[in-house]
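Each remark here refers to the structure printed beneath this line.
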Amino acid sequence: MNGDEPSHETEVSSDDHSSASGETWREFDDSPPVRADGGAASDGDETASDETTLDPWGSATVSDYRKLFEEFGIEEFDEVLPEVPDPHYLMRRGVIFGHRDYRKVADAMRNDDPFAVLSGFMPTGDPHIGHKLVFDEIIWHQERGADAYALIADLEANSARGMTWDEIDGHARDYLLSLLALGFDPEEGTLYRQSDDRKVQDLAFELGAHANFSELENIYGFSGETNVSHMQSVVTQMADILYPQLEEPKPTVIPVGPDQDPHVRLARDLAARTQFFGVTKAYASFEADAEERELLAAAYAALSEDADEGETVRCEDAADWLTEEVAADSARTSAVRKLREAGKEPLRPRVRFLDRNATDDAFSALIGAVEGEKRVFDEHIDSFDLAREEAESLAREVELDHGGYGFVMPSSIYHRFMTGLTGGKMSSSVPASHISLLDDPEDGYDKVKAATTGGRETAERQRELGGRADECPVYELYAYLLAGDDDEFAKRVYDECVGGERLCGDCKEQAAQLMKEFLADHQEKREEVEHLLEAADIDLDSDRKRN
Ligand code: TRP
Ligand code: SF4
């Protein structure tokens, strides 16, 4: 693996069919501030515990979102935001805070190229306002031309959470009705359940051939006690993530919470492992790892700069340069050794096609297809004229022509976890901490009225010091949901709060009212879309036995 796996504090007791916490979705930790406007959110809470675990079945705790960038390699969403046409309010407000490789999805969107969006839902309870974020993200991409997919992760719910098939059928219906009520177009998009889809099962089998037990042990904390079906649900999720590309490879975004990042990374790794050809950068005929490559690049840059016109940079010169200019460590030692062995061979940047799974025919075809100067070796082809991206699409074309999948590495976007209304985590085992999309509108109203706030002890103090909107679950409700697309409204709530003009009683009354209206309206829409669900090609009556 990449050597930067998440840590696993929570043991996954996968054979425990009575889900210990009884929680039905994910547990949420306190979220750091959400932006009121386009300004940068600061995550400067130094007092937060430094516990950051990404465990899809445990409690995903994110106490410090910066860690996800530094330790887990998730990229900051702000960096791609300018490339996203007409971004969603969750993007504008920093609720969607991170991504992997989303740039190519944004590019496809701008250029009207094919792209896809897919996410999955474990039907273990009622859909709630946390799921609404994901529903909205799917729908937004669909409205912008994505092939949209939503799947019911029933194999996972059964194997990892011990849900019965009857329970699963009921919850699945509820998730799908909310998705449709919020605007998913089932005629353009695809709905499926894992257990019922032959294509996803077949793909899961193929992908499973590229992963082994030790790897799942490392990533998910699986052990000898883990039930085999749980492992099957993992390869099924890998197949879900690549499913939109079965007919045609295309950029695909997976909107999820950061707890799902281990799955995204594994899916990206597996996609790479299925490829006929790996495309990398190289500097000489030998293989080098990423660290060594950096050293080679530095040596090449320095030496070619100094070289006279027409003069060749040779491996042995690079070995000398590294020995003099770079502090000794294991990467330098191995790079120098390789360079010495290569001796007088020229050091020249190139794009390399590594034969990973190619058939002989495909390998020969690629040789023919690489234009310009090239060198052919037993297991790889070096091209001196192709750019990396051209090389990748060429490799994909040859793979497709020779019966391969040609997967494009899947992308992801991550949204912040919502704070529970009672403070602390939003947890389905604490009904007052979250709002279900099925809650009676009056109950929704009451829950908001009873929520903790970022307010001060007294009205005077509040007027004097302003409220702490950044730590207020009620403000979060405005930013994540109640303000909808209306940035000005969200900003007004924020400014009035921190400016001391807004007092919590009125603020909660307004939020509670909006929540009540939202729930009433949503539930009415759910009824209106029932016929769409009946017409959709998804079976919500499993005929599976109980045992
Ligand atoms: N594991 C996800 C969850 O816990 C559900 C899921 C299954 C999923 N397959 C997926 C999510 C594919 C995103 C993409 O909720
Ligand atoms: Fe929260 Fe509103 Fe009170 Fe501000 S005024 S702390 S946003 S409830």
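We count ligands from 1, going down the list as the structure has it; atoms in each ligand are counted the same way. Basis for what follows: all heavy atoms, side chains included, without hydrogens, waters or symmetry-related copies.
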NZ/NE/NH1/NH2 to OD/OE distance under 4.0 Å, Asp202 and Arg198: yes
Option with minimal heavy-atom separation from atom 13 (C) of ligand 1, where the choices are Gly120, Gly257, Pro56: Gly120
Minimum heavy-atom distance Gln194-Leu155, with the two atoms named: OE1-N, 3.2 Å
Atom indices of ligand 1, in the order listed, that fall short of 4.0 Å to a heavy atom of Ile254: 13 (C), 14 (C)
Aromatic plane relationship, Phe407 with Tyr405 - under 30° parallel, 30 to 60° tilted, over 60° perpendicular: parallel
Atoms of the protein (N/O/S only) found under 2.8 Å from atom 2 (Fe) of ligand 2: Cys507 SG
Polar contact flag for Gln260 and ligand 1 (N/O pairs, less than 3.5 Å): yes
Contact check: Ser119 vs ligand 1, nitrogen or oxygen atoms, below 3.5 angstrom: no
Lys449 bridged to Glu509 by N-O distance under 4.0 Å: yes
Near-ring test Tyr243/Tyr192, centroid separation under 6.0 angstrom: yes
Value rounded to 0.5 Å, distance of CG in Asp174 from CZ in Phe121: 13.5 Å
Contact partition for Asp259 relative to ligand 1, non-hydrogen atoms under 4.0 Å: neither
Under-4.0 Å heavy-atom contact with ligand 1, by part of Leu118 that carries it: side chain
Glu156 neighbourhood, listing ligand 1 atoms whose heavy-atom distance to it stays under 4.0 Å: 1 (N), 2 (C), 4 (O), 5 (C), 6 (C), 7 (C)
Main-chain N/O of Ser195 paired to Asp154 side chain as donor or acceptor, under 3.5 Å: yes
4.0 Å heavy-atom contact, Gln462 with ligand 2: yes
Arg468 side chain near Arg456 side chain, heavy-atom distance below 4.5 Å: yes
Exercise: identify the closest heavy-atom pair between His434 and Asp439: O-OD2, 4.2 Å
Aromatic ring pairing Phe97/Tyr414, orientation class (parallel under 30°, perpendicular over 60°, tilted between): tilted
